[in-house]
Amino acid sequence: MIHKDHPRYESLRLRAKIVDAYKNGILADSGMIAHGRGEAFDYLLGEQSTENAKLAVEAAAAALLLAEHPIISVNGNTAALVPDKIVELSNELDIPIEINLFYRTSDRVLKIEKLLRDHGAKTVLGTDHEKKALIKGLEGPRSSSSAEGIYKADVVLVPLEDGDRAEALVKNGKLLITIDLNPLSRTAKTSSITIVDNIVRAIPNLIDTVINLSQTDKVTLHQIISNFDNKENIQSSLKKISKKYTGEDL
Ligand code: ATP
């Protein structure tokens, strides 16, 4: 039991969630290592949403609201940390969720599907018993996607995707929104909109922004997207990290 007064309470609380998810079969062992890498970047970002993360969230919300076939892709870490918020976002936008696992097992897919449904998810794709379609440019099991889900989607929100798949999705013409604490990852650099933030803050921010922009006209939403420059945004995150690293902001 972690005491609320502990100075690292929030970070330790998330770590405990990750360990529980591993023990419950939601998360693969390597998901814990991915979380550790995220923690390190979060530390360097000051463990709060930066101004550039908020700008990326605004562009992401605009893209999701304009999309014809948007989808939210969920992996083990996302299911471990924010299952309730993913479902809330999916229901707010009325869009499906697809389970998309790097280390896929039928057992883990079933557990994540149940977890999402227990939180009120309406449409969960990416399960074992549905029509699959292959994403061009990928080999093996990672090339498989739901025919009605990611394969058909024009806009894909995918927290913590791996670089190869992110590259393939962009090459297949998707507008790819990712959430990744590492601004240097291939996924971050390849995506159309990269939210450099922790999913535990980024998803609630995205829900609020979707609600705020829901009555905004299409022209303004298109402008928000065209004013957003992903490369510039990533560079701002790197500047923030380098200030922390050199002690400039002590
Ligand atoms: P790439 O193939 O894109 O270069 P990678 O191999 O470095 O990525 P993965 O192991 O596929 O990375 O995924 C882990 C990524 O997820 C890391 O970049 C890490 O910073 C990020 N990450 C981990 N936990 C979180 C979190 N809670 N919120 C946002 N990002 C996270």
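First listed ligand is number 1; within each ligand, the first listed atom is number 1. If you read the sequence from its start, that first residue is 1, and numbering goes on from there.
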Non-neighbouring partners of [X] that pass salt bridge (Lys or Arg N to Asp or Glu O under 4.0 Å), sequence neighbours left out:
X      : answer
Asp154 : none
Arg13  : Glu10
Asp84  : none

Margin query: Whether the Asn205 and Ser49 side chains hold a donor-acceptor pair (N or O, under 3.5 Å, no angle test) is what I'd like checked.
Written below: yes
Item checked: Pair Ser237-Asn52, side-chain donor/acceptor within less than 3.5 Å -> yes
Check: Which heavy atom in Ile150 sits nearest to a heavy atom in Lys174, and how many Å separate them?
Finding: O-NZ, 3.0 Å
Margin query: I'd like the residue list for ligand 1, meaning every protein residue with a non-hydrogen atom under 4.0 Å from the ligand.
Written below: Ala34, His35, Arg37, Gly38, Leu81, Leu160, Asp162, Gly163, Asp180, Leu181, Asn182, Ser185, Arg186, Thr187, Asp197, Asn198, Ile199
